Structure formats: C-alpha cells, structure tokens
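Only one structure is covered here, and it is reproduced in the block below.
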Amino acid sequence: MSYVTVSNTAVNSELMQILEANEIQPGSDIGYQLCKLLWEFHPLGGKLVEKPIKLALSKPRIIAVDAEPKDMLVDAFNREWESLGATAHIRDTMYLKRVYGASAIVYGAPNIPTTEPIDPWKLSELNLYFNQLDPLNLAGSIVTNQNPNAPDFQKPLPYTTAAGQPYHPSRSVVLFNGTPIYLSFQSSGFGFTGRSVFQRALYPMKSFVQSMVTDDLVTFKAGLLIAKQKPAGSIVNRLMQTAAGIKRTYLQEGVSGNVLSIDIDEAIEALNLTNTDTAMTTARNNIIANIAAASDVPALLLKDEAFTQGFGEGTEDAKAIVQYIDGIREEMHSLYKFFDKIVQHRAWNKGFFEAVKNKYPETYDNKTYEEAFYHWQEKFDASWESLMEEPESEKVKVADIKLKGITEVLRTLMPVIDPMNRAMVIEWAKDNVNEMPDMFKTHLDLDIDAIKDYEPPTPMPEPKEPAARD
C-alpha cells in the first residue's frame, strides 16, 4: 500500500504580496517585474494596455493606390500584409511599449547577419522573420545619451541589440511610451526611456485589488443569518443548550417551502450591508477614476460604459474616445511606415510587374520595374476608417450630396474639353462612384481606352417650320 502526502496546499500570489506591501505609496517607482505582473494578473492591466490598441485596430486601414491597375495593386498589398501578419506584430509591439515604456521590433532572414542591411529589392525572395522586443531583450541599447549637446541626445543607439546581438538601423524600430525625461531613469525600461502606463497608476491599482478583497468578504458574509434569541438564564443546563442548537440547525437547513417556528420575542434577520454597499460603490468608482486620471485611458473604457450606446450616437463621451483612439493610431505611424515599405517590395515584386505589364502593355511597355515601383509607391495612400459610425440614413445623404457634385462637374466639363480629357473626367467619376457602396452595390466598369477614341455623333439640326403665309 502506498500513501501520497501533500505538505503544502497554499497558493502563493506574488502580485498580492507586492500590492499589499505598505511600502507602495503614491509616487513609488515601478520595475520591470512588477509591470509584467500587473499586465498578467491585475484585472485592469489588460484594459490599460490592450484595450486602446484593440480599439485602434478594430477597423483596418483603407488602402488606395492612385495608379493603374488600382485593384491589382491594392489586392496584392493586402494579401502580403495578411501573409506577414503585420497587424499582429504592430499590436504586440504596442503592447510592450505601453507595459514597460519602451519596445522595439526587428526583422531578419536566415543566413544574413543582423548587422548588415537587407537589399529592399530582394525582400520578396527572402523568408523573413519579425521579433518584438521588450526592455529586457533590449538592455543596453535603449539607455539613451544624456549629454544635451550630443546629436543622439535622449535617442536610442543606432544599432538596436537583442540579447547583445546588434541589428542594423534599417532593420529595427524603437518606440517609447511618452517622451524621455532628462536624467530620469526608468526601472521598467532599464534606461532613460519612456514610462510604463502603470507608472503613475500604481497606487490606485493597489487600492483596486483591496476593493476586490472587500467584495470577496462582503460576498462571503452576504448570506449570514442573524438569529435573535432569548438570552439564557444564569444557569444554562444541557437541555437548553441542546434546544438552542437544534433551532439553529433547523434555521441553517431550512429552504423555501419549509416552516420554522420561533418564539414571539425572537427574530431572524439577514446581515444588514446597506451602508457597506454605498461605501463600496463610491470607493470603487473613485479608484477607477484615479487610475484613469493617472494613466492615459479614459475611465469610460475601464468601466466598459462607452459602448452601451456605441460610437454612432455622436455623444461627447464617444467623440472624446474617438479622439483618444486617433492619438493611439498616430503613435503607430512609425510601425506602419516600417511595414508598408517591406510589404510593398514583397507584394509588387518583379513577377507582379510582369503580370501587370502583360495586361496593360500600352502603359508599362516603356517603363522599367524600378520606375513603375516608385510610381506606385508615390501614389500609395493609407487612411484610417473613422470609429464614429453614422446611421445608414446619414450615409445615404452624404453619398447623395457627393453624387450631385460629381454630376455637376461632368455637366460643366464634358461639353468643353477634348476627348482625351473627357475620358479622364469619366474615369474620375467612375472611381468616385465606386467609392459609394451605400448607394451602388455593383461595381461600375468602363473601357476608358474606348472612350478616348469615341466621337459622339453630331446631332442633326431640327427642321425649320415653314414660314406662315399672309
């Protein structure tokens, strides 16, 4: 026969040990490990770090290339973007930036030293990898120079290092959460870097955990019943003790449908937590408001109250959140610019150029691949779709106004321009009409080359009526 002995079943919570420490006071410094714990375990850690980024990425960018063939160029770019998982890489890099105050992303390819630049014209031939790095991986390369007369003052080193392995500057992007402060060393970032989103909110985040402990205690006591019984006499015999015990047992086991009799002077009540409820709710709301004030996340996002009506209602709170998300998107600009260049070279490669050339020989027969690529890159545009959703009726009204404007332009220009420019105006109108999915569900396709060579028939003069005789 064998025996299994469990010596210790206590669950150790490192987060609770840290947050319950009396040493944490307003303005306390926050280190790398504590930032990681807050992100992993604190109930609001995910909202402070992840929710703004998820909202910013909830709608994709609108990609447009003002060059022929537009659809082929956009489709190829979007397919390659998805293939590389660029959005996920940007999202994770932004997470790390907000958690620790600094982060970076690097890319490479097998058999190419990390210290050497990668020829952009060969990107489509390589099997690329992308790595998101936190300050512990970057230790040593994001300390930043504190000499105010140096060219790299408060800027990361040109060569980013990942666990001591340097990467060429063209193959990395370093991000700071906030502007570095002169001679202010950040323990979470291991350098003079930006600050963690938890930096100013550490103390109220500790208080929030304490409010959860209070909730647990109140829940534990909410079902407590108070039995008001007659006090025993000066001499308590065994019979009286037994009777009182039996009565408490009946009370504990009684359920709906049972009948329990008590003395006229006795009473049974639940524990009164009315005053506790008011204090708990007020304290919890104040703590969340303090966390929002200490961080850059609106309190409505922390409470999840901003989405009860949605962004389409046009309320001031919704507008403020949309403006905040627009700021988050602006912080992603360097990452998107970094990926746009890589995706363009991989999507619009030489094989793609040959396919376009075969389909549109009149446009690309006299162009080299490099000339066509730079032209496409120059005409590339990416814009964010607004989070503020308008009702369908408002979208139709806006589209109707645009359609009337297009009609007026055509009516004004068509009679007075030559056939070549007439075809260009018609193509412009076609492109704008195709950007109105709320008005037209079917895509409009026209043969622009045929329109260039088309001469409308000259209208026949109307016959004159014979003059009236006297």
Side-chain angles (χ1 to χ4, degrees), residues 26-36 38-39 48-49 52-53 56 89-108 114-117 130-203 293-297 323-341:
S28 296
D29 193 16
I30 187 169
Y32 173 90
Q33 182 63 20
L34 182 53
C35 288
K36 180 183 291 187
L38 291 173
W39 186 22
L48 288 169
V49 173
I53 309 303
H89 291 304
I90 292 174
R91 178 200 65 201
D92 294 345
T93 306
M94 290 294 295
Y95 284 174
L96 295 174
K97 175 181 85 81
R98 291 177 63 81
V99 172
Y100 303 107
S103 67
I105 187 169
V106 298
Y107 81 96
T114 59
T115 55
E116 296 180 3
F130 297 87
N131 294 337
Q132 296 81 239
L133 308 175
D134 71 10
L136 188 59
N137 309 134
L138 297 166
S141 62
I142 58 171
V143 174
T144 70
N145 191 342
Q146 295 300 290
N147 180 5
N149 296 312
D152 59 346
F153 174 56
Q154 290 193 334
K155 300 180 182 66
L157 298 176
Y159 277 80
T160 300
T161 62
Q165 179 69 35
Y167 277 78
H168 191 269
S170 65
R171 296 168 60 177
S172 66
V173 176
V174 178
L175 300 176
F176 289 157
N177 189 51
T179 304
I181 298 177
Y182 181 57
L183 293 180
S184 178
F185 186 87
Q186 302 298 324
S187 301
S188 60
F190 301 113
F192 300 95
T193 64
R195 290 157 301 289
S196 168
V197 72
F198 304 134
Q199 175 72 48
R200 301 183 183 97
L202 177 58
Y203 189 76
S295 64
D296 64 345
V297 181
Q323 292 175 352
Y324 167 70
I325 297 301
D326 287 341
I328 295 292
R329 287 172 169 176
E330 185 64 28
E331 294 179 13
M332 300 180 184
H333 179 71
S334 59
L335 290 174
Y336 274 98
K337 186 177 179 181
F338 174 74
F339 271 99
D340 283 344
K341 181 179 178 181

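In this text the structure is predicted, and so the values were computed from the model without any measurement.
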Heavy-atom side-chain contact between [X] and [Y] under 4.5 Å:
X      : Y      : answer
Trp39  : Leu96  : yes
Leu38  : Ile30  : yes
Phe190 : Ile142 : no
Ile105 : Phe339 : yes
Val143 : Phe192 : yes
Tyr182 : Gln154 : yes
Leu34  : Leu202 : yes
Thr193 : Pro180 : no

Problem - salt bridge (charged side-chain N to carboxylate O under 4.0 Å, His left out) partners for Arg329, two or more places apart - result: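 In terms of salt bridge (charged side-chain N to carboxylate O under 4.0 Å, His left out), with neighbours along the sequence ignored, Arg329 is linked to Asp326.
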Handout entry: Verdict with supporting geometry, Tyr32 and Asp134, side-chain contact (heavy atoms from CB on, under 4.5 Å)
Key = CA-CA 10 Å; Tyr32 173 90; Asp134 71 10; 2.6 Å; yes
Handout entry: Heavy atoms of other groups near Lys155 NZ, more than 12 under 6.0 Å
Key =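 Yes.
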Handout entry: For Pro151, side-chain contact (heavy atoms from CB on, under 4.5 Å) partners two or more places apart
Key =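 If we apply the side-chain contact (heavy atoms from CB on, under 4.5 Å) test to Pro151, skipping adjacent residues, there are no hits.
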[X] side chain to [Y] main-chain N or O, any donor-acceptor pair under 3.5 Å?
X      : Y      : result
Gln146 : Leu183 : yes
Arg195 : Gly101 : no
Thr144 : Pro156 : no

Problem - Residue pairs fulfilling side-chain hydrogen bond (donor to acceptor under 3.5 Å, both in side chains) with at least one residue in residues 89-101, sequence neighbours excluded - result: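 Matches after skipping sequence neighbours: His89-Gln132, Lys97-Asn177, Lys97-Glu331, Arg98-Asp296.
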